[in-house]
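This report refers to the structure that appears directly beneath it.
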2 protein chains.
Amino acid sequence: MMSLQYKNKEAYPLTVTIYDVAREANVSMATVSRVVNGNQNVKPATRKKVLEVIERLEYRPNAVARGLASKKTTTVGVIIPDISNNIYAEAARGIEDIATMYRYNIILANSDQNEEKELTLLDTMYGKQVDGIVMMSDAVTPKLHQSMDHSPVPIVLAGTVDESNQFASVNIDYFQASYEAVQMLIANGHKRIAFVSGPLHNTINSKFKLEAYKKALSDARLEIDEQLILPEEGSYDSGIEAWETVMTLEQPPTAFFAGSDELAIGIVHGAQDNGYKVPEDIEVISFENSKLARMVRPQLTSVVLPLYDIGAVAMRLLTKIMNKEEIEDQEVIIPHRIEVRKSVKKND
Amino acid sequence: MMSLQYKNKEAYPLTVTIYDVAREANVSMATVSRVVNGNQNVKPATRKKVLEVIERLEYRPNAVARGLASKKTTTVGVIIPDISNNIYAEAARGIEDIATMYRYNIILANSDQNEEKELTLLDTMYGKQVDGIVMMSDAVTPKLHQSMDHSPVPIVLAGTVDESNQFASVNIDYFQASYEAVQMLIANGHKRIAFVSGPLHNTINSKFKLEAYKKALSDARLEIDEQLILPEEGSYDSGIEAWETVMTLEQPPTAFFAGSDELAIGIVHGAQDNGYKVPEDIEVISFENSKLARMVRPQLTSVVLPLYDIGAVAMRLLTKIMNKEEIEDQEVIIPHRIEVRKSVKKND
DNA sequence: CACCTTTGCGTTCACGGTAAAGATTTTTAA
DNA sequence: TTAAAAATCTTTACCGTGAACGCAAAGGTG
């Protein structure tokens with residue numbers, strides 16, 4: 001059975017166009033266009049008359065026709081790895097909120113951080129004539145770089161580093177933030193600190209978190225043990241696995257720097273399930289601070305990765321570029337901080 | 001400074017149209033249109049020639065123009081309460097995956113379950129000429145109902161009940177699922193079972209979960225105590241609050257039926273933080289089964305709410321309706337089950 | 001071989017707006 | 001009063017594509 005809504009085709013209302021409004025209001029369609037677009041060159045009386053007809057006929061401008069004529073769609077493309085992953089969802093919400101604020105809609109697509117999909121999606125977005133694109137990706141590969149270079153519309157990277165520094169982007173200082181996190185662990189006297197990073201094909205993990213981890217250790221004259229560097233996926237289960245892997249070592253670590261909250265929780269549970277206490281026996285610091293961080297015992301001490309803000313600022317930046325406003329700096333660095341909770345011992 | 005990408009306006013590539021391709025290939029634009037749209041009435045040699053030119057000129061059909069001419073945008077609108085909420089994100093992913101499979105893109109928007117926003121968003125979607133809409137909402141209010149009734153395009157409700165049974169929808173049997181959950185607690189001997197529902201303005205909470213809770217109790221000849229019914233928000237903190245509220249009662253409950261995983265985790269932590277053991281002292285069953293359910297100790301026993309599937313099936317249903325295929329049943333009920341873990345004692 | 005189908009391709013117009021240019025009316029001011 | 005200026009409105013040329021329609025060439029049929 002067809003949808004009750006549309007049992008009979010007549011149920012689909014025929015669209016009323018700007019011509020219909022014009023005719024009913026005894027003005028030209030240009031005038032209707034003006035009142036619809038808030039152009040001031042319309043006599044108040046005329047505007048009122050038109051507005052009434054619009055109301056009566058339930059006229060709704062056809063955004064597609066408008067887009068064709070004006071070459072603006074008031075739509076931006078958003079390409080993210082995976083919306084079902086909390087961190088991207090958070091960013092997406094930031095993007096959408098600001099987009100809404102500036103009257104844009106977003107076309108959202110998941111890339112699964114698959115280069116091929118990313119390229120296809122960019123092409124799709126270009127074809128759909130979006131006015132701009134916000135992109136989140138693990139790494140700006142050469143092919144990606146090339147496609148973005150040829151983009152007919154502005155692109156802003158969110159939470160994504162472009163090593164060529166050629167595109168607008170919004171990030172935090174991942175290196176510094178990671179350095180501070182590891183330092184916090186070092187300050188608590190740990191000599192064996194594991195780094196459960198998340199995939200190393202992600203530029204942020206490989207070039208910033210990892211490098212910062214190494215630097216913090218060597219600055220403190222601590223040995224860098226490759227066995228303590230675990231490039232797992234970002235999931236909860238890989239956190240548990242990482243724990244298991246590393247605790248079979250002759251000299252297991254006493255502290256962990258985890259690349260994400262899920263990873264950190266996996267580690268915490270791995271420890272607790274095996275009779276270790278956090279933070280008494282094992283200390284863990286995370287890098288994310290999603291709401292999950294408070295939903296474990298002990299609650300996680302974590303570097304704050306302000307995903308919502310990153311998304312929001314990226315979108316704001318995009319509106320400026322689309323609007324051809326002057327941009328002070330196209331590479332925005334948002335301040336970060338560490339939220340201290342219970343998975344690391346107080347040190348004062 | 002402007003984006004490096006576009007230092008000079010010439011950097012914006014001028015768009016190549018179907019005419020350009022036609023001219024270069026010495027054919028009419030109709031022929032180009034045919035090869036682009038896979039029409040078979042083109043000689044292979046001609047097709048090849050056109051394809052080459054398309055490649056060389058990097059021609060990309062303008063989806064906006066196409067949309068205007070064909071009255072199809074291959075875009076569907078998705079209205080959900082909040083993408084940063086895991087359950088909606090999960091559903092969104094299901095929707096997007098199937099949409100991609102059928103070559104649709106999605107315009108995603110957050111309504112914050114605010115009726116006004118929902119109405120505005122519907123109007124926006126209509127204006128953008130989406131080919132269909134997937135909607136998730138707390139409740140189909142009269143106004144919403146009316147707007148949807150006048151929709152120029154098909155709408156499918158996902159995880160949302162429409163009491164008028166007038167729209168296509170995809171759900172599970174919330175009543176039955178809830179009944180089973182409460183029964184499980186009753187079977188374990190509990191006489192005082194609290195129901196921490198989530199907001200009651202949500203139809204699913206008020207009409208199904210709550211009713212099922214009451215029915216399960218009365219069927220077991222247990223007293224229904226209004227003090228044990230807690231319409232909190234769905235958040236972790238409200239779970240903790242619910243715990244605190246209810247444990248001050250003279251006869252506190254010994255088991256909880258929680259409307260969501262976050263709520264359940266809040267309750268578990270509330271209990272644990274106060275020296276109670278789960279499930280020894282307190283049993284908790286949740287309704288959601290997100291990945292969170294496994295990320296607590298004890299892991300949550302939970303009714304499985306298959307959000308991804310609900311989204312995917314809703315989108316699939318929508319494609320059928322958009323395609324004017326015959327629909328067996330426009331109100332789809334997906335099977336549910338209860339995932340048994342550790343927050344409820346084994347009973348055999 | 002006359003005639004009817006297909007196949008392959010070109011012409012033309014509609015889609016529903018925007019915006020520039022031109023026309024008309026109203027206002028301002030000498 | 002009246003012409004120039006300003007305000008308001010109409011005309012019209014697109015925007016890039018799909019699709020109906022038309023027509024010629026090729027293939028089939030009896």
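Chain letters run A, B, ... following the sequence lines, proteins first and then strands; every chain starts at 1.
Environment of NZ in B:Lys49: crowded, with over 12 heavy atoms of neighbouring residues, nucleotides or ligands closer than 6.0 Å.
Between the NZ atom of A:Lys48 and the C1' atom of D:dT8 there is a distance of 19 Å, given to the nearest Å. Nucleotide D:dC9 holds its P atom 14 Å from the CD1 atom of A:Ile18, rounded to whole Å. Atom pair B:Lys43:NZ and D:dA26:P shows a separation of 8 Å (rounding to whole Å applied). Here D:dT17 presents its P atom at 19 Å from NZ of B:Lys72, a figure rounded to the nearest Å. For the pair A:Lys128 NZ and D:dT17 P, the computed distance is 14 Å after rounding to whole Å. What separates CG of A:Leu68 from C1' of D:dC15 is a distance of 4 Å, to the nearest Å. Distance NZ (A:Lys49) to C1' (D:dC9): 11 Å, rounded to an integer number of Å. Between the CZ atom of B:Arg23 and the P atom of D:dG16 there is a distance of 13 Å, given to the nearest Å.
Among the protein residues, A:Thr17 comes within range of the sugar-phosphate backbone only, with heavy atoms under 4.0 Å from sugar or phosphate atoms but none that close to a base. Heavy atoms of A:Arg60 sit under 4.0 angstrom from primed sugar atoms or phosphate atoms, though from no base atom. Residue contacts shown for A:Asn41 include a base, since a base heavy atom lies under 4.0 Å away. Using a 4.0 Å heavy-atom distance criterion, B:Val27 is classed as a sugar-phosphate-only contact.
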(Q) For a side-chain hydrogen bond (donor to acceptor under 3.5 Å, both in side chains) check, start with the C-alpha distance between A:Lys128 and A:Thr75, then their side-chain angles and the critical distance, and finish with the verdict. (A) CA-CA 9 Å; A:Lys128 293 250 169 167; A:Thr75 302; over 6 Å; no
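To the nearest 0.5 Å, atom OH of residue A:Tyr104 and atom CE of residue A:Met322 are 3.5 Å apart.
Residue B:Arg34 has its side chain nearest to D:dC21 when only D:dT10, D:dC21, D:dA19 are considered. The listed nucleotides are D:dC15, D:dT10, D:dT17; the one nearest the side chain of A:Thr31 is D:dT10.
Taking every nucleotide of DNA chain C with any atom under 4.0 Å from a non-hydrogen atom of chain B, the first and last of them, 5' to 3', are C:dG8 to C:dG16.
B:Ser70 has no side-chain polar atom (N or O) that falls below the 4.0 Å cut-off from OP1 or OP2 of D:dT17. The phosphate of D:dT8 (OP1 or OP2) has no side-chain N or O of A:Thr46 nearer than 4.0 angstrom. An OP1 or OP2 oxygen of D:dT17 is reached within less than 4.0 angstrom by a side-chain nitrogen or oxygen of B:Tyr59.
Under a 4.0 Å N-O distance rule, the pair B:Asp112/A:Arg93 qualifies as a salt bridge.
Residues A:Asn110 and A:Tyr88 have side chains that never bring a donor and an acceptor to within less than 3.5 angstrom of each other.
Proximity of a side-chain donor or acceptor of A:Gln330 to a complementary backbone N or O of A:Glu328 within less than 3.5 Å is not detected. Formation of a donor-acceptor pair under 3.5 Å by the B:Ser147 side chain with backbone atoms of B:Leu119 is not found in this model.
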